[in-house]
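Since the structure comes first, as C-alpha cells, the remarks are kept for the end.
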Amino acid sequence: MTAETGIGARVKRKEDQRFLTGTGRYVDDLPLARATYAYFLRSPHAHAKIKSIDVSAAKSMPGVVEIFTGKDIADAKVGGLICGWVVKDKHGEPHKAPPHPVMALDTVRYVGDTVAMVVAGSHDEAKDAAEAIHVDYDVKPANVDLARAFDKGVPEVHAAEAPGNLIYDWEIGVKADVEAAFAKAAHVTRMDIVNNRLIPNAMEPRAAAAEYDKGTGNYTLWSTSQNPHVLRLILSAFVLGIPEHKLRVIAPDVGGGFGSKIFCYNEETMVCWAASRVGRPIKWTAERAESFMTDAHGRDHVTHAELALDKDHKFLALKVETIANMGAYLSTFSTAVPTYLYATLLAGQYTTPVIYANVKAALTHTAPVDAYRGAGRPEATFVIESIVSKAAAELKVDPAELRRKNFIPSDAFPYQTPVALQYDSGNYPPIIDEAIKIADYKGFESRRAEAKSRGKLRGIGFSSYIEACGLGPSRVIGQLGGGVGQWESAQIKFNPTGNVQVLTGAHSHGQSHETTFAQLVSDKLGIPIETVEVIHGDTATTPFGMGSYGSRSLAVGGSAIMKAADKIIAKGKKIAAHLMEASVADVVFENGNFKVAGTDKTVPLGAAVFAAYVPHNYPLEELEPGMDENAFYDPSNFVYPAGTQICEVEIDPDTGVVEVVNHTAVDDFGNIINPMIVEGQVHGGIVQGVGQALLENAVYDKETGQLLSGSYMDYTMPRADDVPSFKLGNTVTPCPHNPLGVKGCGEAGAIAAPAAVMNAVHDALAPLGVTHVPMPATPLTVWQLIQSAPRAAAG
Amino acid sequence: MYDFAYHRPKSVADAVALLKGKEEARPMSGGMTLIPTLKQRLARPSDVVDLGGIKELAGIKVEGNNVVIGGMTRHYDVASSADVKAQIPALASLAGHIGDPAVRNRGTMGGSVANNDPAADYPAAVVALNATVTTTTGKHTADDFFKGLFETALGEGELITSISFPKAEKAAYVKFPNPASRYAMVGVFVAKTASGVRVAVTGAGPCVFRVKAMEDALAKNFSSAAIKDIKVPADDLNNDIHGSAEYRAHLVGVMARRAVDAANK
C-alpha cells in the first residue's frame with residue numbers, strides 16, 4: 001500500500017511478536033484434556049533379527065495405557081510408509097521399493113528403528129515402561145559404508161526386495177556423446193568427492209499429537225509438518241486408510257524444517273493410529289537424541305567426476321558417477337533427490353554441451369536420507385564448482401575467468417541444457433562482477449601476503465550456482481515419476497468490515513510468510529498491512545495445498561495469491577461500477593480505490609466489500625454477494641535463481657583451524673518482496689553451507705553401525721562465532737513466467753556455500769602441494785593434510 | 001529422569017549428615033553435569049543433596065599470598081572477581097570461558113573439580129597453580145587430588161569446601177575447544193608460582209596431567225622457545241572423531257607455547 005509496507009519494503013516480521021515473546025504455539029504446547037504420552041522404544045542395533053519382544057512386565061508398570069509392537073500394526077493391516085516418487089532406472093524399470101513398516105516386525109535396520117510404542121499417563125511413565133520391555137535380538141553385521149554398499153558379501157538391508165542393496169541404477173545424458181567429447185579433450189580434470197552426510201537439526205524437534213472423536217469418527221493430528229495437506233493425503237490414501245474428510249491435520253507454529261519435516265514419519269503415523277485405540281489423546285515430542293537418530297538425514301554422496309576442456313578452456317563435457325545413500329528405508333521423496341533434483345542441475349551456469357551422469361542409489365543400515373535444504377542441488381553445485389576450480393588450478397588460470405568464459409551468454413535464454421532443464425532466464429556475468437567488486441578480489445593477493453606475515457595461510461574460493469526451484473509444471477513432475485501435483489492454492493477472504501484473511505496451502509516454519517504474503521496483498525489491494533492476516537497449516541480451514549519446500553512458497557504460493565487478488569479486483573470492479581453507475585470497462589483500480597477514468601468518482605475497496613456482504617444496493621441479478629476468492633496456480637516452469645559466492649579463509653597451520661574471514665554472496669532472485677527477509681534466508685543458508693564445509697558430519701561407526709555424532713557433544717552445529725558478517729549483493733532478472741517475477745531464495749545460501757568455502761581451503765593449502773581436502777575440513781583433517789603435505793607451511 | 005529424594009540443607013554439617021550412610025546419594029552443586037546426566041537416565045541416585053542453600057560455601061577471599069575460593073562459588077563470580085583478576089588473572093580468564101553464560105552462572109568450582117571431567121578446565125588450574133583442596137575431612141594437594149577418569153581423592157560423603165590458589169608470578173591458560181562441544185580438547189595451564197613452574201594439561205588424556213619436561217625447560221628459561229622441541233607422547237591420550245591422539249599430543253605443544261607467550265605478555 002505504502003512504500004513502508006509494500007513490495008520491496010523491509011517490513012519487520014509480523015510473526016516475530018509472538019515468537020520473540022514466547023507466545024508461539026507449537027505442537028508440544030497443546031493443552032489436550034486427558035492426554036496420554038507416547039514413547040518409542042528404538043533399536044540399539046544397526047541390524048538385527050527380533051527373536052522376541054516381551055511386553056508383559058512393561059504392561060503392568062504404573063500409568064501404562066497400552067503398548068504396541070510391529071505385530072499389532074501388522075495385525076491391524078496398517079500400510080507401510082510410502083516413497084512418493086517413482087524413479088525409473090536406466091532400463092526403464094521402476095526403482096526397487098522395499099517395505100517400510102511403521103514399526104519393525106522381525107528385523108531392525110538402523111540404530112533408532114522403531115520397535116515398540118508405549119502409551120502412558122506421562123512421558124516418564126512411558127519411558128519407565130519402555131525400559132521394562134525385553135527384546136531378544138540376534139545381532140547381524142551392518143553395512144554403513146556407502147562406498148562399499150554394493151560390494152560382494154556386504155550385508156543386505158532388504159535382501160529379497162533389493163538384492164545387493166541397489167535401489168536403482170539411473171542415468172541421464174548420452175554416454176557415447178560424452179565419451180566422444182572426452183576423446184577430443186585438450187585437458188581432463190578428475191575428482192573424487194564425498195558429499196558428507198548431514199543431520200538437519202531443526203530447533204523444534206519433531207512432534208505429534210492426535211485426538212479421536214468417537215462421536216463423529218473424526219481424527220485430528222497435530223504435526224510438525226511442512227506440508228499438512230500432503231501428510232493427510234499420504235496417511236489417508238496409503239497408510240492408515242482414514243478417509244481424507246475424517247482426518248484433519250494441523251501444523252501450527254513449527255520451529256524450522258529444512259526439509260526434514262516434509263516427510264511422513266513412523267511416529268506421527270503411530271500416534272494418529274493409536275489415538276482411536278487408546279480412546280484418549282496421545283502426545284509425542286522427540287527428544288534431541290531421537291532427532292539425531294531418526295530425522296531424515298541429508299546429502300551423503302560418493303562421486304567421481306571428470307570435466308573435459310578444449311585448448312581454449314571451453315568445457316566440452318562433464319561425466320559424473322554418483323552413489324547416493326538412501327539409508328535403510330526409502331523416505332517420502334528420497335528417490336528424486338539424487339536424480340531429478342541433482343543430475344539435472346549439472347550444467348550449472350555453463351554451456352557444457354554434453355553431460356552424462358550415472359546415479360546408483362544404495363541401501364545402508366543408517367537412518368533414511370531425504371531432502372535437506374537444497375536437496376540434490378547443493379550436491380550438484382558442489383560437484384560442478386569443485387571441479388571447475390580444480391580445473392582452473394590445474395590450468396593455472398583465474399577461476400573467475402574460467403567461469404566467465406563458460407557462462408551461458410546472457411542472450412541465450414531461454415536456454416536448453418543437455419540435462420533436461422530449460423533455464424527460463426538468467427544473466428550471470430553481472431553477478432560475478434558484482435561479487436568480485438564487493439569481495440575486493442583484486443586486493444586478495446595483498447591480503448594473502450599480509451596473512452602470511454602472521455603465519456596464516458589465506459585462500460579464496462568461488463562458487464557460481466544455479467538452482468531450479470519452485471517445481472513445476474505438474475505435468476512434467478508426473479512424467480518424471482512424482483506422485484503429487486506441484487501447484488499451490490490461495491484464498492483471499494474479506495470480512496464485511498474490510499479486513500482480510502489470506503489462506504495459503506503453503507506452510508511457514510521460519511520463512512516469514514505471514515509478513516511476505518501480507519505485503520503482497522497489502523500492496524496489490526492497497527489496504528493497510530495490519531488488516532491482512534495470513535493463515536496456513538490447517539487442512540480444515542485452508543485450501544488443499546502442497547506446503548513449503550524447494551524454495552517454492554513465493555514463486556508458486558505467492559503467484560496463487562496474486563491470482564486470487566486479481567479475482568478480488570475483478571469482482572470489486574463490477575460492484576464499484578454498479579455503485580458509480582458506470583460501465584465496468586471504465587473502472588480502474590488504483591491504490592485501493594475503484595475510479596471511473598477521467599472523473600472524480602471513486603469507491604474505496606472497503607466500500608465495495610461492504611456492499612458485497614450487505615448487498616442492499618448491489619447487482620444481485622448478475623453477481624453473487626460476498627468477497628471471497630480462491631485460486632490455484634500451476635507454474636509453467638521451474639524458477640532459476642543464480643548467484644556467485646566468494647569465500648576467503650585463513651588457516652592456522654599449527655592447529656589446522658579454518659576461519660572464514662570474508663564471505664560474499666550475490667544472488668539473482670528476480671524481484672524481491674522483502675529484502676530483509678531475503679537476506680535472513682541467505683544468511684541462514686550460508687551458515688548451513690559453512691557448516692557442511694567445515695563442521696558438520698554424521699558419522700556411523702563402521703563396525704557397529706552406531707551413530708557416533710548423535711548429540712551436540714559430537715555433531716558440530718555452526719555457531720554465530722563460526723562465521724563472519726556476510727557481504728551481500730543482488731542483481732535482478734525477473735522470472736518471465738510468474739506474475740511477481742520472483743524466484744526462490746530459501747536454499748541458495750546452502751547450495752553455493754560449501755564449494756565456495758572448500759575452494760578457498762584448497763586455494764589456501766595449494767602452496768603446500770595439497771591437492772585434495774575432504775569435506776568437512778575439520779581442524780583434525782586439515783592438520784593431518786598439512787603434516788603429510790609435500791611442502792612445509794612455514795616460510 | 002528417575003525418581004529420587006531431594007534435599008536442600010542450609011549448612012555443611014547438615015549436608016554431610018544427609019549424605020552419610022547413603023551409598024547412592026549424590027551431592028549437587030551447580031548441577032551442570034548432574035542434571036543432564038539425570039535427564040538422560042545415566043544416573044539413578046537415591047538422594048540428591050543440593051548444596052545451593054549453603055551460604056558458607058560460596059565466596060572469594062584473599063588470605064596472604066593465596067586466593068581462597070569457596071566450593072559453591074559460581075564460575076561467573078570467579079571470572080568477575082576483582083580479587084581473582086588482580087591476583088591470578090589467568091584463573092579469572094579461565095572461568096570466564098567455561099561453557100556458556102548459563103553454565104557460568106550456575107556451575108561451581110567445587111562441582112567441576114569434584115566431578116573431574118577429563119575435559120573440564122579447572123583441574124588444569126588447580127594442578128598448575130599447585131592449589132590446595134580443602135574438604136569436610138581435610139586437605140588434599142593438587143597432585144594427590146586428581147586420580148583418573150572422573151576419579152578424585154574425595155571419599156564418600158566428602159565435600160569440597162574451598163580451594164586455595166597461590167598467587168602466580170606468571171600464568172596463562174589456553175585451550176583448544178572441541179569443535180562440537182566446546183569443552184577443552186586440549187587445555188594447557190602454565191604457571192610460575194613460589195613452588196616453581198608447572199604445566200598442566202586437561203582434555204588431552206583421561207585425567208589432567210603435568211608435562212615435566214616442559215616444566216624443567218621453563219624453569220630455566222620461561223619462554224615458548226624453550227619448549228619448542230618438546231614432544232608429548234601420544235600413547236595415553238584420547239582418540240575420537242574430533243582428534244587423534246597424535247593430534248592432541250601436537251596441540252599440547254601448540255597450546256603450551258601459546259600459554260607461555262600469553263603469560264609473558
Side-chain angles (χ1 to χ4, degrees), chain A residues 39 62 122-128 130-131 196 199 201 287-290 292 455 652-659 690-691 694-702 706-722 776-788 794, chain B residues 1-4 32-33 36-42 44 97 99-101 103 117-120 174-188 203-204 224 227-228 231 234 237-261:
Chain A
Y39 180 77
S122 74
H123 176 73
D124 275 343
E125 285 171 339
K127 219 168 165 176
D128 287 343
E131 286 180 9
N196 44 317
I199 300 177
N201 278 297
E287 296 182 356
R288 186 55 69 179
E290 292 180 286
F292 273 101
D652 178 349
D654 288 338
T655 60
V657 169
V658 178
E659 185 191 356
V690 170
L694 300 180
L695 307 166
E696 299 182 49
N697 203 15
V699 183
Y700 284 93
D701 184 86
K702 286 210 164 70
Q706 295 294 325
L707 180 62
L708 298 179
S709 55
S711 80
Y712 293 125
M713 293 295 284
D714 287 303
Y715 188 86
T716 313
M717 283 297 283
R719 290 166 161 91
D721 64 357
D722 287 314
T778 63
L780 171 64
T781 296
V782 172
W783 177 77
Q784 285 171 334
L785 287 168
I786 291 172
Q787 294 309 298
S788 56
Chain B
M1 57 180 76
Y2 299 111
D3 203 16
F4 54 81
M32 293 297 91
T33 299
T37 308
L38 293 174
K39 283 171 79 173
Q40 292 178 61
R41 298 186 163 215
L42 296 172
R44 192 170 200 162
H97 290 89
D100 55 30
V103 166
D117 187 305
V174 177
K175 72 173 155 183
F176 186 90
N178 175 308
S181 70
R182 301 259 170 123
Y183 274 91
M185 198 153 96
V186 170
V188 180
S224 55
I227 55 171
K228 176 163 70 64
K231 300 243 184 296
L237 300 189
N238 301 335
N239 184 15
D240 57 33
I241 58 175
H242 305 286
S244 61
E246 292 73 24
Y247 182 47
R248 281 184 163 86
H250 166 79
L251 285 176
V252 171
V254 178
M255 296 302 122
R257 292 195 295 278
R258 290 181 184 180
V260 172
D261 286 342

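A note on names: the letters A, B, ... follow the listed sequences, proteins ahead of strands, and every chain is numbered from 1.
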- Side chain, backbone, both or neither of Phe176(B) within contact of chain A (heavy atoms, under 4.5 Å): side chain
- Query: What are the two closest non-hydrogen atoms of Met713(A) and His242(B), and how far apart are they?
  - Reply: O-NE2, 4.0 Å
- Task: Considering non-hydrogen atoms only, spot the tightest contact between Ser709(A) and Ile241(B) and give its length.
- Result: CB-CD1, 4.4 Å
- Which atoms of Asp652(A) come close to chain B, meaning under 4.5 Å heavy atom to heavy atom: side chain ones, backbone ones, both, or neither? side chain
- Message: Report which part of Arg41(B) has an atom under 4.5 Å of a heavy atom belonging to chain A: side chain, backbone, both, or neither.
- Response: side chain
- Contact part of Met185(B) toward chain A, heavy-atom cut-off under 4.5 Å: side chain, backbone, both or neither? neither
- Message: Other residues, nucleotides and ligands only: do more than 12 of their heavy atoms fall within 6.0 Å of CG on Asp100(B)?
- Response: yes
- Message: Report which part of Glu287(A) has an atom under 4.5 Å of a heavy atom belonging to chain B: side chain, backbone, both, or neither.
- Response: neither
- So which of Thr778(A), Asp722(A), Asp714(A) has the largest heavy-atom pair count under 4.5 angstrom toward chain B? Asp714(A)
- Item | Part of Thr655(A) lying under 4.5 Å from any heavy atom of chain B | both
- Task: Please look at Leu251(B) and chain A and tell me whether the side chain, the backbone, both or neither of the residue comes under 4.5 angstrom of a heavy atom of that chain.
- Result: side chain
- For Asp654(A), does its backbone N or O pair with a side-chain atom of His250(B) as donor and acceptor, under 3.5 Å? yes
- So does Tyr183(B) have more than 12 non-hydrogen atoms from other groups sitting under 6.0 Å from OH? no
- Task: Quick one: closest heavy-atom pair of Pro179(B) and Thr716(A), and the distance?
- Result: O-CG2, 3.1 Å
- Just wondering, more than 12 heavy atoms not from His123(A) lying within 6.0 Å of its NE2? yes
- Item | Verdict with supporting geometry, Asp721(A) and Arg182(B), salt bridge (Lys or Arg N to Asp or Glu O under 4.0 Å) | CA-CA 12 Å; Asp721(A) 64 357; Arg182(B) 301 259 170 123; 2.9 Å; yes
- Message: Quick one, Gln784(A) and Ser244(B) - any side-chain contact, counting heavy atoms below 4.5 Å?
- Response: yes
- Item | Segment of Pro779(A) engaging chain B (4.5 angstrom heavy-atom cut-off) | both
- Task: Kindly determine whether Asp128(A) and Arg44(B) satisfy salt bridge (Lys or Arg N to Asp or Glu O under 4.0 Å), including the steps that lead there.
- Result: CA-CA 13 Å; Asp128(A) 287 343; Arg44(B) 192 170 200 162; 5.7 Å; no
- So what's closer than 4.5 Å to chain B heavy atoms on Glu696(A): side chain, backbone, both or neither? neither
